[in-house]
Amino acid sequence: MTGTTVAEVTVAELMVELAALEEPRAREVNEKHGDDHGVNLSKLRAIAKRLKTQQDLSRELWDTGDTAARLLALLICRPKAFERAELDNMLREARTPKVQDWLVNYVVKKSPHSEDLRVAWFSDPDPVVASAGWALTSERVVKKPGGLDLVQLLDVIEAHMKEAPDRLQWAMNHCLAQIGIEFPEHRTRALDIGERLEVLKDYPTPPNCTSPFAPAWINEMVRRQSVK
């Protein structure tokens, strides 16, 4: 793999450019959420727009291990070019929540391996890996629910969400809300599970934003659908 690309930009040059975008206040805010970078994401996206799609450069940026570089890598990659094992390794070595989220949402969801990885990750002993499996399951609940056992999903959520580690709990809660929103026949049970478990009930929610507390989330989205 070479150090230059069609755009004649090297990884070293991009690392200098990313370092210059570091904002101490942004890093302070990001570190509270487990992320270790201070680059403004709008400026990061502007760099990606300039670079366009460059798969080799993307892989080189990822290999640096730097969070900002990995975020940029995920914006300029070609999702369908990754092999299944490569995506699995990338998730397991992704160290920060933002990198994990972007990897799942911008790359894995567009990959032909997404369903295979969803199944493989769903019950992984690593809660971060399992949370990715749940995120992909939530996507299927909304877009392609055929073949999913929604009752079983609710059973697992009811039994394990309350004590799950934070990132896995968040992903399971998202799935609970999507089932309640999308399927009227399961809505009463989804609401009941949310009310009893009280997961994210006291989560600080800015004004005019929907609470992640599943009953509030479900009821608000159903209300919006009813007034369309």
Side-chain angles (χ1 to χ4, degrees), residues 1-15 17-18 35 37 39-149 153 167-168 170-172 174-175 178 182:
M1 194 175 289
T2 63
T4 59
T5 68
V6 174
E8 297 299 325
V9 179
T10 67
V11 169
E13 290 167 343
L14 287 171
M15 295 300 290
E17 186 173 359
L18 290 171
D35 291 308
H37 77 92
V39 176
N40 180 288
L41 295 183
S42 295
K43 294 178 181 178
L44 187 80
R45 292 179 188 279
I47 296 174
K49 185 175 181 179
R50 185 187 82 221
L51 294 173
K52 301 181 179 178
T53 301
Q54 299 194 44
Q55 182 68 8
D56 286 347
L57 180 59
S58 171
R59 284 194 166 103
E60 291 182 77
L61 286 166
W62 181 272
D63 287 344
T64 66
D66 178 79
T67 292
R70 284 184 164 181
L71 292 173
L72 181 59
L74 296 172
L75 292 175
I76 67 170
C77 74
R78 186 174 293 108
K80 294 181 180 179
F82 293 104
E83 296 297 330
R84 178 199 181 285
E86 189 173 12
L87 291 172
D88 183 72
N89 288 335
M90 288 170 72
L91 180 67
R92 294 177 189 281
E93 69 182 27
R95 297 174 296 102
T96 63
K98 183 65 71 176
V99 173
Q100 292 155 359
D101 288 343
W102 281 24
L103 175 62
V104 172
N105 288 300
Y106 297 167
V107 182
V108 178
K109 286 182 179 180
K110 299 176 183 178
S111 165
H113 307 293
S114 61
E115 177 60 13
D116 187 26
L117 289 170
R118 181 190 76 81
V119 174
W121 289 342
F122 186 81
S123 299
D124 195 276
D126 182 332
V128 171
V129 175
S131 72
W134 278 90
L136 294 171
T137 299
S138 294
E139 176 91 347
R140 268 203 62 186
V141 166
V142 175
K143 295 185 176 180
K144 195 177 180 182
L148 287 178
D149 188 336
L153 285 175
R167 286 182 60 74
L168 179 55
W170 187 277
M172 294 173 79
H174 189 180
C175 190
Q178 294 294 5
E182 300 292 332

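Here the side chain of Ser138 pairs a donor or acceptor atom with the backbone of Cys175 at under 3.5 angstrom. Listed for the Thr137 side chain is a donor-acceptor partner under 3.5 Å among the backbone atoms of Gly133. No donor-acceptor pair under 3.5 Å is formed between the side chain of Arg70 and the backbone N or O of Leu103. Although no hydrogens or angles enter the test, the distance criterion places a donor-acceptor pair under 3.5 Å between the side chain of Gln55 and the main chain of Arg78. A donor-acceptor contact shorter than 3.5 Å is absent between the side chain of Asp88 and the backbone of Arg84. The backbone N or O of Ala94 sits less than 3.5 Å from a side-chain atom of Gln100, completing a donor-acceptor pair.
Residues Val119 and Leu136 fail the side-chain proximity criterion, which asks for heavy atoms closer than 4.5 Å. No side-chain heavy atom of Val9 sits less than 4.5 Å from a side-chain heavy atom of Gln54. By the 4.5 Å heavy-atom criterion applied to side chains, Leu72 and Leu51 are counted as neighbours. Here the side chains of Ile76 and Leu61 are in contact, with some heavy-atom distance below 4.5 Å. Residues Val99 and Trp62 form a side-chain contact, since some pair of their non-hydrogen atoms from C-beta on lies under 4.5 Å apart. Pro127 is not listed as a side-chain neighbour of Arg167, based on a closest heavy-atom distance of 4.5 Å or more.
Separating the CE atom in Met90 from the CD atom in Glu93 is a distance of 7.5 Å, to the nearest 0.5 Å. Considering CH2 of Trp121 and CG of Asp116, their distance stands at 10.0 Å, rounded to 0.5 Å. We find the NE2-CG distance between His37 and Asp66 to be 9.5 Å, quoted to the nearest 0.5 Å.
Salt bridge absent: Arg118 and Glu139 never bring a charged side-chain N and a carboxylate O closer than 4.0 Å.
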Report the C-alpha distance between Ile47 and Leu75 in whole Å, list the side-chain angles of each, state the deciding distance to 0.1 Å, and finish with yes or no for side-chain contact (heavy atoms from CB on, under 4.5 Å).
-> CA-CA 9 Å; Ile47 296 174; Leu75 292 175; over 6 Å; no

For Leu153 and Trp134, run side-chain contact (heavy atoms from CB on, under 4.5 Å): C-alpha distance rounded to whole Å, both residues' side-chain angles, the deciding distance at 0.1 Å, then the answer.
-> CA-CA 10 Å; Leu153 285 175; Trp134 278 90; 4.1 Å; yes

Would Glu86 and Arg59 satisfy salt bridge (charged side-chain N to carboxylate O under 4.0 Å, His left out), going step by step from the backbone distance to the final call?
-> CA-CA 11 Å; Glu86 189 173 12; Arg59 284 194 166 103; 2.7 Å; yes

From CA spacing to verdict: salt bridge (charged side-chain N to carboxylate O under 4.0 Å, His left out), Asp126, Arg92 = CA-CA 9 Å; Asp126 182 332; Arg92 294 177 189 281; 5.2 Å; no

Chi angles and distances behind the side-chain contact (heavy atoms from CB on, under 4.5 Å) call for Glu60, Leu14 = CA-CA 11 Å; Glu60 291 182 77; Leu14 287 171; over 6 Å; no

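When all heavy atoms of Val104 and Ala135 are compared, the closest pair comes out as CG1-CB, 4.2 Å. Of all heavy-atom pairs between Pro79 and Ser111, the closest is O-CB, 4.2 Å.
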